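These numbers come from a predicted model, not from an experiment. In what follows, every chain begins at residue 1, and chains take the letters A, B, ... in the order their sequences are listed. When reading the values below, keep in mind they use all heavy atoms of this one structure, side chains included, and skip hydrogens, waters and symmetry mates.
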There are 2 protein chains.
Amino acid sequence: MSRKVDERAAIIARIRDDNRRGASELARDAVAALEEFAATVTCNVLMETRALAHELAGLRPTLCAISDLLGHCLEELEDEVGKPSAIVERAVERTLSWSNEATERTVTRAVEVLRGAAVIMTHSRSSTVQAALARLAPPTRVIATESRPGFEGHDLARQLAERGAQVDVITEAEIGLVVSEADAVLVGADAILRDGSVVNKVGTHGLALAAREYQIPFYVCAESFKLSASTTFSNEEHDPAELEAPTHPGIRPRNFYFESIPAGLISMYLSDIAIENEIELAPKRR
Amino acid sequence: MSRKVDERAAIIARIRDDNRRGASELARDAVAALEEFAATVTCNVLMETRALAHELAGLRPTLCAISDLLGHCLEELEDEVGKPSAIVERAVERTLSWSNEATERTVTRAVEVLRGAAVIMTHSRSSTVQAALARLAPPTRVIATESRPGFEGHDLARQLAERGAQVDVITEAEIGLVVSEADAVLVGADAILRDGSVVNKVGTHGLALAAREYQIPFYVCAESFKLSASTTFSNEEHDPAELEAPTHPGIRPRNFYFESIPAGLISMYLSDIAIENEIELAPKRR
């Protein structure tokens, strides 16, 4: 096989099979991959790169940030003239730069709102939430769920602790017991749907219900490139073997990674643009 | 060391350190252990046995069934005359027989109330709940949480599946996503406190909140020997290493096994005696 074919297959597998990184990180990696790919293509560079962008955009429908940033990059490609690989390089650079600014504004907003909270609880690992928590802590204490089945909460805890934060790690089973210690809950989002409901790692709904029970504010922190044009999402069911349940014909392990959380459970959206709760979300700005 | 001293230490360790079996099973084992112990004692049999019973009763304050059944057995010992080891044997036998009848009546009550429910969700593994589910399934489908950190849900799933049941196994993170599929939730109890709140495996509170959100009845199934005279419980925090979180001075894994669930979240208590919801529970019948 040619270098191009190898590279293309490797990029598709890397975006399709990554269950550890959050939506922002994966979306930026998908954009950066276009530049890597373009460097391996010898003819029809822009056509081939666009085709790959379209294929990558369809791989993970739950994570709308991927198709959103790739769409941004495809728009950047449209207006360009010059050497094809240089066009791709500039479009990727501008898209990543724009997405990083969106993240920075989102993190700044989260830090503004949460400054003063002594204990913040989160679930799973959102890179945007992690950046906000790293700026807030210390002296903030973080309560992190381990986040079955992938245990991404362990990565979050280690990375925050290495920067000096105090992190309590709990099981999802302990959410209802421990949530009352938190001053606020802060989670990321894989997508924000048109009705304001939020798609995020499974377990977030239970955390939102527990937070409401104790009247603890529940904040969703997500860049505008996670706003979805859709009002529904179709849940991905993953390899049942990952749950390591006993094997028996009568036993069916169910391994969903995502779920949607109704808008009514969300106290405030923290983003690079204003997002209102409990009203139809505005169409995307592009 | 004498055989008696060895036996006594082994019995204490067996009741103190068992984190897999539920309250009913452990309580019956504690009673049965008195008979084993009495057989190793050569003088002052009744005094020594009573002393061991008192020591065992104090080992696991959260699991009031242990002190309750031991108390029952101590009462049986009071009225007896004859050969000491035979007295212990008869008292143990009567206590176990009484507790088995209480369990049987409780299971029968649960089966009466839940007959007709096509999908029943449970959490952790209660031997009483398991007995009821085994009688209800098939055709009932069971949704069982894996129950971190001990994964007792795996034992429950395997034992029910071996008897022909269909069991879905989920993580605790999936409770909020999956609970709406259930017609009823059925959990056991480690204790029912005087105000009607229920002490059970951590994760039960989150399940009760999710059940209420979808208006799914939440049943607590527990024998009368789990009624506690107390209105509070002190939670046991277990070995943090069991969570297998990353090791770092800034990371504190928190490993609670139990939590209490307010009476207001409980639709009905299923027991061998009538227990009213939302009123002060009657004093114990003995």
Can you name the closest pair of heavy atoms from A/Val169 and B/Leu243 and give their distance?
O-CD1, 3.7 Å

Heavy-atom closest contact (A/Glu181 atom, B/Arg254 atom, distance):
OE1-NH1, 2.8 Å

Distance, nearest 0.5 Å, that separates NE2 of B/His248 from CD of A/Gln166:
9.5 Å

When you check the gap from the basic side-chain N to the acidic O, do A/Arg148 and B/Glu146 get nearer than 4.0 Å?
yes

Which bit of [X] comes within less than 4.5 Å of chain B, counting heavy atoms only: side chain, backbone, both or neither?
{"X": "A/Ala165", "result": "backbone"}
{"X": "A/Glu162", "result": "both"}
{"X": "A/Ile251", "result": "both"}
{"X": "A/Glu213", "result": "side chain"}
{"X": "A/Val179", "result": "neither"}
{"X": "A/His154", "result": "both"}

Between A/Leu177 and B/Asn235, is there a side-chain heavy-atom distance shorter than 4.5 Å?
yes

For [X], look at atom [atom1] and say whether over 12 heavy atoms of other residues, nucleotides or ligands are found less than 6.0 Å away.
{"X": "B/Glu104", "atom1": "CD", "result": "yes"}
{"X": "A/Arg163", "atom1": "CZ", "result": "no"}
{"X": "A/Gln215", "atom1": "CD", "result": "no"}

If you count heavy-atom pairs under 4.5 Å with chain B, which of A/Pro253, A/Ser147, A/Gly206 comes out on top?
A/Pro253

At a 4.5 Å cut-off on heavy atoms, which part of B/Val142 comes close to chain A: side chain, backbone, both, or neither?
neither

Heavy-atom distances under 4.5 Å only: say whether B/Phe258 touches chain A with side chain, backbone, both or neither.
backbone

State whether the side chain of A/Glu174 and the backbone N or O of B/Gly203 hold a donor-acceptor pair below 3.5 Å, judged by distance alone.
no

Most contacts with chain A, counted as non-hydrogen pairs under 4.5 angstrom, among B/Ala173, B/Gly176, B/Gly164:
B/Ala173

Sort out for me which of B/Asp168, B/Ile143, B/Ile261 touches chain A most, counting heavy-atom pairs under 4.5 Å.
B/Asp168

